[in-house]
Amino acid sequence: MFKEKQLKREYYNIISIISLNIDRYIEKDIIGKEMIVVYDDIIPDLFIKIPIDKDVIDRYGLSDKIKT
């Protein structure tokens, strides 16, 4: 149970880091990529599929968060 909570925490931390820095890399990581829009009653949610490869790890400084 603890490991699952820890993994979720790291997952959300990585999403937060990418979200805060996406403006710098919008052309590289968003334009021309697969996007998913999920509509609910109030606000649509937009999900972008960004593969976590070596380039993304280096760009967002995730090397201490993700073991390759």
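In this chain, numbering begins with 1 at the start of the sequence shown.
- Using a 4.0 Å cut-off between charged side-chain N and carboxylate O, Lys28 and Asp55 make no salt bridge.
- Summarising the hydrophobic clusters (Ile, Leu, Val, Met, Phe, Trp, Tyr; side-chain heavy atoms under 4.5 Å, direct or chained), the residues clustered with Tyr11 are Tyr12, Ile15.
- Nearest heavy atom pair, residue Ile17 against residue Asn21, reads O-ND2, 2.8 Å.
- Looking only at distances, no side-chain donor or acceptor of Asn13 sits under 3.5 Å from a matching main-chain atom of Arg9.
- The pair Asp58-Lys54 counts as a salt bridge, with a side-chain nitrogen and a carboxylate oxygen less than 4.0 angstrom apart.
- Ile30 CD1 to Ile22 CD1: the interatomic distance, rounded to the nearest 0.5 Å, is 4.0 Å.
- Under the 4.5 Å side-chain heavy-atom criterion for grouping Ile, Leu, Val, Met, Phe, Trp and Tyr, Leu20 is not connected to Leu62 through any hydrophobic cluster.
- Contact check for Ile18 versus Asp29: no side-chain heavy atoms found under the 4.5 Å cut-off.
- For the side-chain hydrogen bond (donor to acceptor under 3.5 Å, both in side chains) test, no residue two or more places apart in sequence or in another chain qualifies with Asp53.
- Every residue meeting the ring pair (Phe, Tyr, Trp, His ring centres under 6.0 Å) condition with Tyr25, not counting sequence neighbours, appears here in chain and number order: Tyr60.
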